[in-house]
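Input: a single structure, listed below in structure tokens.
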Amino acid sequence: MVMSKTSSLDVIASLCKRRGFIFHSSEIYGGINGFWDYGPLGCELKRNVKEDWWKTTVRNREDVVGLDATIIMHPAIWKASGHLDTFSDPMSTCRACKRLMRADQVWDMLAENPTGQSLQALLDEGAEAGKIVAWCKGKAKGLAPNLASVLDADTLNAAFEKLTADPASYTTVQAVYTLLANAKSPQPAVVPCPHCGGELTEPRPFNLMFKTVVGPIDDPSNVAYLRPETAQAIFAQFQNVLATSRMTVPFGIAQMGKSFRNEVTPRNYTFRSREFEQMELEFFIRPDEAVELICGHVTTMADKPDLSVPQDSWGWEVWHAYWVEQRKAWIVACGLPEDSFVEYWQKPEELAHYARACVDIEYNFPFGIQELEGIAARSDYDLSQHQKHSGKSMEVFDEPLKLAADKLDDAAKTAFADKVIAEWCARGKSEDEARAFVFKLFTGKYVPHVVEPSAGVDRMMLALICNAYEEQKLTDDKGKEDTRIVMHFSPRIAPVKVAVFPLLKNKPEIYNKAREIFEHLRRRYAAFWDEGGAIGRRYRRQDEIGTPWCVTIDFQTLEDDTMTVRDRDSMQQERLTLAQLKEKLDEALLV
RNA sequence: GCGGGCGUAGCUCAAUGGUAGAGCCCCAGCCUUCCAAGCUGGUUACGAGGGUUCGAUUCCCUUCGCCCGCUCCA
């Protein structure tokens, strides 16, 4: 058997369409970029992935509860989270060198690049018009070749006249650079590209969040956004969940649902879609200082802890590592082999300013190694932001912490406070901030920290589909070659679990017995009935959609109630009774 | 958003300034005692809009989508 695992995305996309996994959204109207629909099999697969995640993350645990919040929320949430600022920068493109850049960063970029620094040096020497002209005729040809004064002698002359007539107006790099681009141009002045001197387009709003209007009046005061991530609702509803779920820190809140991002470049099939679905968990933990007060010490990764069962003494670092392991275990359970993905620990300089650590789980897609899921240790950033912006307390009261603090005498408290203040100051925080935090801690209160495993449903599905796809070259007994396409989905996520065939459809006794068995099985498992064509063809059809087992009812079934159970991957057959078959399925499918 | 390439049936691909064809898939029927067998019949396409032309799937323009690169990426 010759196997081929390296398949292009085109071949996979073609199968997905042919068999009803994935369609392009709005296809009859020409499609719409960055939006994809799941067909009959795709939606079963998606449902299975989500249910498996939910069961593993929420139902099978005692320390995680769920939330299902709205997609449209108060716009202040996105102000507090930082999305409104970071997702909506006006962008300009250079007409000459085609670079895209944030309009508000143009002058900073110039100041930091060789062109700006070269000009600054000229100004520092006391910029005379003649020197600037010489610069345009010399150095600038390499640094800013598309600058109007470099390209065009008339513009350069006009610039010279203005520099000579009014030197006081041209004392900054920005003023001179702008003049060199605009000396002869009609109004309005253009902004020159910091990279090449070419003309930038007008800044265009580049909103990565989808905007909408709440209520019938289309007015800026009614603007709201489709959420760019599901996580923020969890923070916004944190106190409600805490108050009603009878949970205490450490515990988690999970949510699955649609999110929307106006991606610059939707690319790579469903990988980067504008409408996508997330599975996010916010797992709230005690700050390390609280752990220390309660347990007397904080377990870190240096202690090489056993990560299988959570412990009270774990600090954020261990909790983070724990969730990385949990998430990897789930991914493997869904059918992605351990060696098909990599765990990438972001380097300190790559981390967002509030993040303490972030691990990307990356899968080796046909188009490259790309992120499936991220597990971030986000400190108390999110809850603190919402506390600040909403004015509502995001603190919890931690009884064991209060009891532990009460046992300390004043001297011990002072010593502890001094230690924490020193640590905080070493991390660049203010002494006042640290003191306030410790004071709260002694009363049993703090804003919880959070570890956030955030996975993309669609990315997971794409990885599962890519991983499952295989073309096998088979040679039969007579030496005839044949290609078998198999989707090796794990039974847990396979869209159809079991297919039922009557060996012959024109023999009523077999047919009726098969229907009876099918009706029995379908009530418990996603089952599929197929009576069309030869038996081999029916097996191959199921291979292509990844059905793990096919059962065939034949004459022997009528005698001893056994049926042929054919395994997708090995193509081996065995005879089982209905009870034995159910046992086999239950064992493989239990999450 | 820019540059380049590409859009013909569900899929993979032909041909053509003058009625668009194949293989596979799919559907119905016959046949069939375990791996895409056979026979009969059937559905389905020039991405969209405009222009040139007696006539455009073919030439031109616009648009939409896909692919590659650039750019961007809490």
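These figures come from a predicted structure and were not determined experimentally. So you know, we letter chains A, B, ... as the sequences are listed, proteins then strands, and number each from 1.
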Separation of C73(B) C1' from Phe260(A) CZ (nearest whole Å): 20 Å

Using nucleotides 6-10 of chain B, report all nitrogen or oxygen pairs with the protein that are shorter than 3.5 Å.
from, atom 1, to, atom 2, distance (Å)
G10(B), O3', Lys17(A), NZ, 3.4

Closest nucleotide among G65(B), C72(B), C34(B) to the His24(A) side chain: G65(B)

Lys/Arg N to Asp/Glu carboxylate O, Arg459(A) vs Glu373(A), below 4.0 Å: no

Taking the six-membered ring for Trp, is the centroid-to-centroid distance between Trp78(A) and Tyr225(A) below 6.0 Å? no

Base, sugar-phosphate, or nothing: which does Glu229(A) touch, judged by heavy atoms less than 4.0 Å apart? nothing

With heavy atoms under 4.0 Å as the rule, sort Gln385(A) into base, sugar-phosphate or nothing. nothing

Provide, to the nearest angstrom, the distance between the CZ atom belonging to Phe271(A) and the C1' atom belonging to C67(B). 17 Å

From Lys258(A), Glu280(A), Glu282(A), Gln255(A), residue fulfilling side-chain hydrogen bond (donor to acceptor under 3.5 Å, both in side chains) relative to Thr230(A): Glu280(A)

Using ring pair (Phe, Tyr, Trp, His ring centres under 6.0 Å) as the criterion, list what pairs up with His320(A), not counting sequence neighbours. Trp345(A)

Could you walk me through whether Tyr177(A) and Thr115(A) pass the side chain to side chain contact (heavy atoms under 4.5 Å, CB included) test, one step at a time? CA-CA 10 Å; Tyr177(A) 201 60; Thr115(A) 310; 3.8 Å; yes

When rounded to whole Å, the CG to P distance for the pair Asn262(A) and A74(B) reads 16 Å

Expressed as a whole number of Å, how far does the P atom of G21(B) sit from that of U57(B)? 15 Å

From OH of Tyr269(A) across to C1' of C68(B) the rounded distance in Å is 19 Å

Checking only heavy atoms, does the side chain of Arg566(A) share a donor-acceptor pair with the base of C35(B) at less than 3.5 Å? yes

For the P atoms, the ones on A74(B) and on C11(B), what distance do you get once it is rounded to whole angstrom? 36 Å

If we take the P atom in both C64(B) and C27(B), what is their distance in whole Å? 37 Å

Take atom C1' in U12(B) and the same atom in G4(B), then report the distance between them in whole Å. 25 Å

Would you check if the side chain of Ser273(A) reaches a backbone N or O of Phe276(A) as a donor-acceptor pair within less than 3.5 Å? no

Between U63(B) and G55(B), how many Å separate the two C1' atoms, rounded to a whole number? 25 Å

Applying a 4.0 Å non-hydrogen cut-off, can you work out what Thr483(A) is touching in the nucleic acid: base, sugar-phosphate, or nothing? base

Listed partners of Asp567(A) passing side chain to side chain donor-acceptor pair (under 3.5 Å), at least two apart: Ser570(A)

Distance to the ring centre below 6.0 angstrom and angle to the axis at most 45 degrees; does that hold for Arg261(A) and Phe210(A)? no

Could you work out which one of C35(B), A74(B), U33(B) sits closest to the side chain of Arg261(A)? A74(B)

So what does Lys507(A) hit on the nucleic acid, given a heavy-atom distance under 4.0 Å: a base, only sugar-phosphate, or nothing? nothing

Rounded to whole Å, NZ of Lys513(A) lies from P of U33(B) at a distance of 21 Å

Is Phe367(A) touching bases, backbone alone, or none of the nucleic acid, heavy atoms closer than 4.0 Å? nothing

Reckon Arg378(A) touches a base, only the sugar-phosphate, or nothing at all at heavy-atom distances under 4.0 Å? base

Given C68(B), C73(B), C31(B), identify the nucleotide with an atom nearest to the side chain of Arg272(A). C73(B)

Could you measure between the two C1' atoms, the one in A28(B) and the one in C67(B), and give it in whole Å? 39 Å

With no hydrogens and no angle check, do the side chains of Tyr363(A) and Gln370(A) hold a donor and an acceptor under 3.5 Å apart? no

Hey, which sits more toward the 5' end of RNA chain B by its nearest nucleotide, Arg19(A) or Leu503(A)? Arg19(A)

In whole angstrom, what separates Arg274(A)'s CZ from C72(B)'s C1'? 12 Å

Classify Asn506(A) by what it touches in the nucleic acid, base, sugar-phosphate, or nothing, heavy-atom distance under 4.0 Å. base

For Asp543(A), the option from Arg484(A), Arg568(A), Arg19(A) that meets salt bridge (charged side-chain N to carboxylate O under 4.0 Å, His left out): Arg484(A)

For a quick check of understanding: with a heavy-atom distance under 4.0 Å over all strands, which category does Arg538(A) fall into, base, sugar-phosphate or nothing? nothing

Is there a donor N/O on one and an acceptor N/O on the other, under 3.5 Å, for the side chain of Glu544(A) and the base of A36(B)? yes

Whenever both distances are under 3.5 Å in a Watson-Crick or G-U wobble pair, mark it; put RNA chain B into dot-bracket that way, with [ ] for crossing pairs and | when the partner is on another strand. (((((((..((((....[..)))).(((((.......)))))....(((((..]....))))))))))))....

Contacts to RNA chain B from residues 525-537 of chain A, heavy-atom cutoff under 4.0 Å, which residues? Ala534(A), Ile535(A), Gly536(A), Arg537(A)

Assess, by modelled atom type and distance only, whether the side chains of Lys17(A) and His24(A) contain a donor and an acceptor separated by less than 3.5 Å. no

Heavy atoms under 4.0 Å, any strand shown: does Asp554(A) hit a base, just sugar-phosphate, or nothing? base

Decide, yes or no, whether a salt bridge links Lys513(A) with Asp561(A) under the criterion of side-chain N to carboxylate O below 4.0 Å. yes

Pick the P atom in U8(B) and in G49(B), then give their distance to the nearest Å. 16 Å

Output every pair passing ring pair (Phe, Tyr, Trp, His ring centres under 6.0 Å) with a member in residues 530-552 of chain A, not counting sequence neighbours, ordered by first then second residue. Phe501(A)-Tyr539(A)

Please tell me which of the listed nucleotides, C72(B), C66(B), C35(B), lies nearest to the side chain of Asn33(A)? C66(B)

Can you measure Arg540(A) atom CZ to C25(B) atom P for me and round it to whole angstrom units? 12 Å

Strictly distance-based, threshold 3.5 Å: is any side-chain N or O of Asp37(A) a donor or acceptor partner for the main-chain N or O of Phe23(A)? no

Within this structure, what is the CE-to-P distance between Met209(A) and C72(B), rounded to whole angstrom? 21 Å

Rounded P spacing from C25(B) to G38(B) in Å: 9 Å

Test ring pair (Phe, Tyr, Trp, His ring centres under 6.0 Å) applied to Phe271(A) and Phe367(A), step by step: CA-CA 10 Å; Phe271(A) 181 80; Phe367(A) 45 84; 5.5 Å; yes

